[in-house]
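Structure, as structure tokens:
Computed from a predicted structure; not experimentally measured.
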Amino acid sequence: MEKFSYTDVNLRRLQMVELEMLIEVDRICRRNDITYIIDAGTLLGAVRHGGFIPWDDDIDIRMYRSEYDRFCEACEKELDKKFFLQTYKTDPGYLWGYTRILRNGTKYLRKDHEAVKSRNGIFIDIFPNDNLPDGGMGKGYCSAVSWMCRKLLYSGIGKDYAPSLARRAGFRFLSRFPKKWGHCGIEHLIKKYGKEETDLVRCFGWGSEEETGGFQKKWLLETVDIKFEGVTVKAPLDTAGFLEHSFGPDFMTPPPEEERTPRHAAWEIKFPEEDYEK
């Protein structure tokens, strides 16, 4: 299969489909007084470019667990039928420990993800954030358990596409275990620390250096309006602090031109029938 090639036109078309889903998330959240923030490159794009980073191919959102639970409940009744709330509970084939809003009637086939059996389509990511212990031992426990859970969930892909023979062998071993164990491990961490008073939060279903260290809970709960592609959405009140934590102190400086490419290689993208090229 020949890899899909991004052009300025089809990348912008992808961004506009994703923007439609962000608008729907914002609509539901404002109607139900649910707090969220745009995250990662989406927030950086809003601050640095007034919208998408020109070469960005996705939208990321964060919610604190209590807000996320209310959002999922609201979606059961209010989510437009054009979209699908994708979790491992609504889609048994879904592998990840975070959530997606999927655009029905579309296709987004990631490179090396051909064997994934979940529902497929253009999506945006929603990262539920849970309490993270402030102490080193508790934080280390969360890191170890969540790491193993993520590796187990990824094992069906990693056994064939991990970059080294040793890693592929490790994933092949993990792939023998039920995937539900990965979800159960993440649920264990959510319940274990859910009632603790902590200053930090993280998404246990996602791994990065910043995620492991945790985010200030106030960044998710104290918000301000910000413009993104002409649409008003929610950002952390301490936007600069959040971005510095995520990208370092030089976050306003774009990367070298050779690095300005979409992050996710795709084999195939099918857009909605409507025209999003405007």
Side-chain angles (χ1 to χ4, degrees), residues 58 60-66 68-69 71-73 75-76 79 83-102 104 107-133 137-196 201-209 211-212 214 264-267:
D58 66 357
D60 296 318
I61 293 169
R62 280 186 188 266
M63 295 181 186
Y64 185 54
R65 173 62 59 178
S66 58
Y68 168 81
D69 288 343
F71 174 75
C72 290
E73 290 178 8
C75 283
E76 292 180 6
L79 186 65
F83 310 113
F84 174 67
L85 181 72
Q86 188 175 38
T87 72
Y88 79 93
K89 295 179 180 179
T90 63
D91 182 355
Y94 187 66
L95 296 176
W96 316 125
Y98 49 92
T99 295
R100 285 175 173 169
I101 298 292
L102 201 76
N104 293 321
K107 188 173 184 179
Y108 187 91
L109 184 58
R110 283 274 302 275
K111 180 180 181 295
D112 300 339
H113 285 214
E114 297 90 340
V116 175
K117 302 301 182 183
S118 61
R119 288 179 61 162
N120 184 274
I122 297 172
F123 62 88
I124 64 175
D125 289 322
I126 300 176
F127 297 100
N129 280 231
D130 293 282
N131 293 338
L132 181 66
M137 289 187 63
K139 189 180 290 187
Y141 177 75
C142 288
S143 180
V145 172
S146 62
W147 180 86
M148 182 57 70
C149 292
R150 293 193 305 273
K151 297 305 178 185
L152 174 57
L153 293 171
Y154 182 75
S155 61
I157 300 170
K159 67 185 180 66
D160 294 320
Y161 296 107
S164 70
L165 183 62
R167 289 187 180 183
R168 289 196 295 273
F171 281 122
R172 194 167 295 116
F173 172 75
L174 286 176
S175 68
R176 299 180 180 183
F177 297 96
K179 297 296 182 291
K180 66 179 181 180
W181 289 8
H183 294 303
C184 287
I186 292 174
E187 291 288 345
H188 159 71
L189 295 176
I190 294 169
K191 293 177 181 178
K192 182 176 178 62
Y193 299 105
K195 294 183 179 180
E196 287 195 7
V201 296
R202 69 161 292 179
C203 177
F204 293 124
W206 184 255
S208 69
E209 183 178 348
E211 206 76 55
T212 300
H264 305 104
W267 286 126

Taking every non-hydrogen atom, the tightest pair across Gly185 and Cys149: CA-SG, 3.5 Å
From CD1 (Ile61) to CD1 (Ile101), nearest 0.5 Å: 7.5 Å
4.5 Å side-chain heavy-atom contact, Phe83 and Leu102: no
Short side-chain to backbone donor-acceptor contact, Ser143 and Gly140, under 3.5 Å: no
Arg150 and Ser146 side chains, donor-acceptor separation under 3.5 Å: yes
Ile126 vs Met63 side-chain heavy atoms within contact, under 4.5 Å: yes
Thr90 side-chain N/O to Leu85 backbone N/O, donor-acceptor pair under 3.5 Å: yes
Parallel, tilted or perpendicular, as decided by the 30° and 60° cut-offs, for the rings of Phe127 and Tyr98: tilted
Residues Glu196 and Asn131: side-chain donor-acceptor under 3.5 angstrom: no
Check: Arg168 side chain, Ala162 main-chain N or O, donor-acceptor pair, under 3.5 Å: yes
Nearest-0.5 Å distance that lies between atom CG in Asp130 and atom CD1 in Ile186: 9.5 Å
Gln86 vs Phe123, side-chain contact (heavy atoms from CB on, under 4.5 Å): CA-CA, chis, key distance, verdict: CA-CA 9 Å; Gln86 188 175 38; Phe123 62 88; 5.5 Å; no
Nearest-0.5 Å distance that lies between atom OH in Tyr88 and atom NZ in Lys179: 15.0 Å
Inter-residue atom distance Cys203.SG - Leu132.CG, 0.5 Å rounding: 11.5 Å
Step-by-step salt bridge (Lys or Arg N to Asp or Glu O under 4.0 Å) determination, Arg62 to Glu211: CA-CA 12 Å; Arg62 280 186 188 266; Glu211 206 76 55; 2.7 Å; yes
From CA spacing to verdict: side-chain contact (heavy atoms from CB on, under 4.5 Å), Phe204, Ile190: CA-CA 8 Å; Phe204 293 124; Ile190 294 169; 4.3 Å; yes
Shortest non-hydrogen contact between Arg65 and Pro128, atoms and distance: NH2-CB, 3.7 Å
Arg172 side-chain N/O to Lys159 backbone N/O, donor-acceptor pair under 3.5 Å: yes
Gap separating the CZ atom of Phe84 from the CG atom of Leu79, nearest 0.5 angstrom: 9.5 Å
Step-by-step side-chain contact (heavy atoms from CB on, under 4.5 Å) determination, Asp160 to Phe171: CA-CA 8 Å; Asp160 294 320; Phe171 281 122; over 6 Å; no
Side-chain donor-acceptor pair present, Arg119, Asn104, cut-off under 3.5 Å: yes
Other residues, nucleotides, ligands: >12 heavy atoms within 6.0 Å of Trp96 CH2: yes
Residue pair Thr99 / Tyr68, side-chain donor-acceptor N/O under 3.5 Å: yes
Spatial distance of atom NE2 (His183) from atom OH (Tyr94) [nearest 0.5 Å]: 9.0 Å
Ser118/Leu95 under side-chain contact (heavy atoms from CB on, under 4.5 Å): CA gap, chis, key distance, verdict: CA-CA 8 Å; Ser118 61; Leu95 296 176; over 6 Å; no
Closest heavy-atom pair and its distance - Ser155, Ser175: OG-CA, 3.3 Å
Flag if over 12 foreign heavy atoms under 6.0 Å of CZ, Phe177: yes
